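Note that this is a predicted model, so its numbers are computed, not measured. Residue numbers begin at 1 in each chain, while the letters A, B, ... track the order of the sequences.
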2 protein chains.
Amino acid sequence: LEPGGSAAALGHDVGRLRPAIAPSGQVLRACRAAGMLAVHAREGHRPDLSDPAPAKRVRGRFPAGIGDPDPMGRILMRSQHGHDIVRKLAPAPGGPVAHNPGEGAFYATDQAMLRSRGIAWLIVCGVATEVCINITVREADDRGSTASCWRTALARISPNSSRPVLR
Amino acid sequence: LEPGGSAAALGHDVGRLRPAIAPSGQVLRACRAAGMLAVHAREGHRPDLSDPAPAKRVRGRFPAGIGDPDPMGRILMRSQHGHDIVRKLAPAPGGPVAHNPGEGAFYATDQAMLRSRGIAWLIVCGVATEVCINITVREADDRGSTASCWRTALARISPNSSRPVLR
């Protein structure tokens, strides 16, 4: 979400996404104050490029692709600075962070997030509404959790911002 | 999609969904003529109700729920007539049919549909655009396949039909 990060290097307009940061921080702080578990999830890949599907690497008309260099390291690579969670929303030390190689936060992630903790209710914040948030909410639903979104803590990546994707 | 079937018994307006049938049949016949594999997927549950998540059973304001009686058997139950695929779109004898207990055709299904056959390209038809089709296309994407939809072979379950969910 910062200039020079993975999303910007892929050619996305991060200015469209950044309005989700402050409200997400408010939700995060309120949840922590209430003793709720906060789980961070981010889309990213192994540096050996073993996990992005071939179709994912060639798709779109982006100026750069997964694993290419960006000003903060390599695009969408685990452990690279451009893939870090923005400082204002940083996980607690040792807090759970899921690495998801897909857009959905539940597909092939290394966190058995919900089942192992018996979590039935989720509040979802982040970006982008019509991509990762959309599929993550539906994945949670199929897995038996009830997911709600905090409307102001979401942001769309597409300019067609008047079209709702979640209700 | 028929009066008395599972969707109707749940309270959905199946008249809104039926326009997808004829175009889906055209796509199905064209694909068969071209020697392409046709896979049917349908949302449904085991008769012992072991697989719908509790949240799924209580959600919504439907007049009836999963497993309740309907005019064709029991709602969204495997092997019940109300859960059959409509005759015009019937699978070939012995053809692959996925039983998916979620809305996504890839979650917890008993068909390892894509990977075991090395399928990279999909044409998706069916209902409902903003629910099962939406998540299935995104699931396919995360699994490395490129999914396209046949626009006229889809139908929405919601009355807000002017709002696109897929582009």
Side-chain angles (χ1 to χ4, degrees), chain A residues 41 43-45 49-60 66 76 98-109 114-115 118-122 128-148 156-167, chain B residues 41 43-45 49-60 66 76 98-109 114-115 118-122 128-148 156-167:
Chain A
E43 185 181 356
H45 297 280
L49 290 171
S50 60
D51 57 5
K56 185 171 181 180
R57 292 188 63 191
V58 302
R59 192 175 300 132
I66 295 165
L76 283 183
H99 291 280
N100 40 295
E103 293 172 346
F106 290 93
Y107 172 62
T109 180
L114 305 183
R115 253 179 230 183
I119 292 172
W121 296 86
L122 294 174
T129 315
E130 75 275 43
V131 191
C132 299
I133 300 295
N134 183 345
I135 182 168
T136 297
V137 165
R138 292 171 201 279
E139 284 179 330
D141 182 73
D142 273 353
R143 284 155 183 76
S145 296
T146 298
S148 303
R156 295 181 61 114
I157 208 164
S158 136
N160 302 301
S161 59
S162 65
R163 293 170 169 166
V165 288
L166 294 167
R167 267 189 296 268
Chain B
E43 185 182 356
H45 296 279
L49 290 171
S50 59
D51 58 5
K56 184 170 181 180
R57 293 188 62 189
V58 302
R59 192 174 301 134
I66 295 166
L76 283 183
H99 291 279
N100 40 296
E103 292 172 347
F106 290 93
Y107 173 63
T109 178
L114 305 183
R115 254 180 229 184
I119 293 172
W121 296 87
L122 294 174
T129 314
E130 76 275 42
V131 192
C132 297
I133 300 295
N134 183 346
I135 183 168
T136 297
V137 165
R138 293 172 201 278
E139 284 179 329
D141 182 71
D142 273 353
R143 284 155 182 78
S145 297
T146 298
S148 303
R156 294 180 63 112
I157 209 164
S158 134
N160 301 301
S161 59
S162 64
R163 293 170 171 165
V165 287
L166 293 166
R167 266 188 299 265

Q: Hey, could you give me the CZ/OG1 distance between A:Arg138 and B:Thr136, rounded to the nearest 0.5 Å?
A: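 Here the interatomic distance stands at 10.5 Å.
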Q: Who among B:Pro52, B:Gly104, B:Ala120 has the most heavy-atom pairs with chain A under 4.5 Å?
A: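 Highest number of pairs under 4.5 Å: B:Gly104.
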Q: I'd like to check the side-chain hydrogen bond (donor to acceptor under 3.5 Å, both in side chains) partners of B:Glu103; sequence neighbours left out, ordered by chain and number.
A: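 For B:Glu103, no residue satisfies side-chain hydrogen bond (donor to acceptor under 3.5 Å, both in side chains) once neighbours in sequence are set aside.
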Q: A:Glu139 versus B:Tyr107: any side-chain heavy-atom pair under 4.5 Å?
A: no
Q: What pairs with B:Asn100 under side-chain hydrogen bond (donor to acceptor under 3.5 Å, both in side chains), at least two apart in sequence or on another chain?
A: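 B:Asn100 satisfies side-chain hydrogen bond (donor to acceptor under 3.5 Å, both in side chains) with no residue once adjacent residues are dropped.
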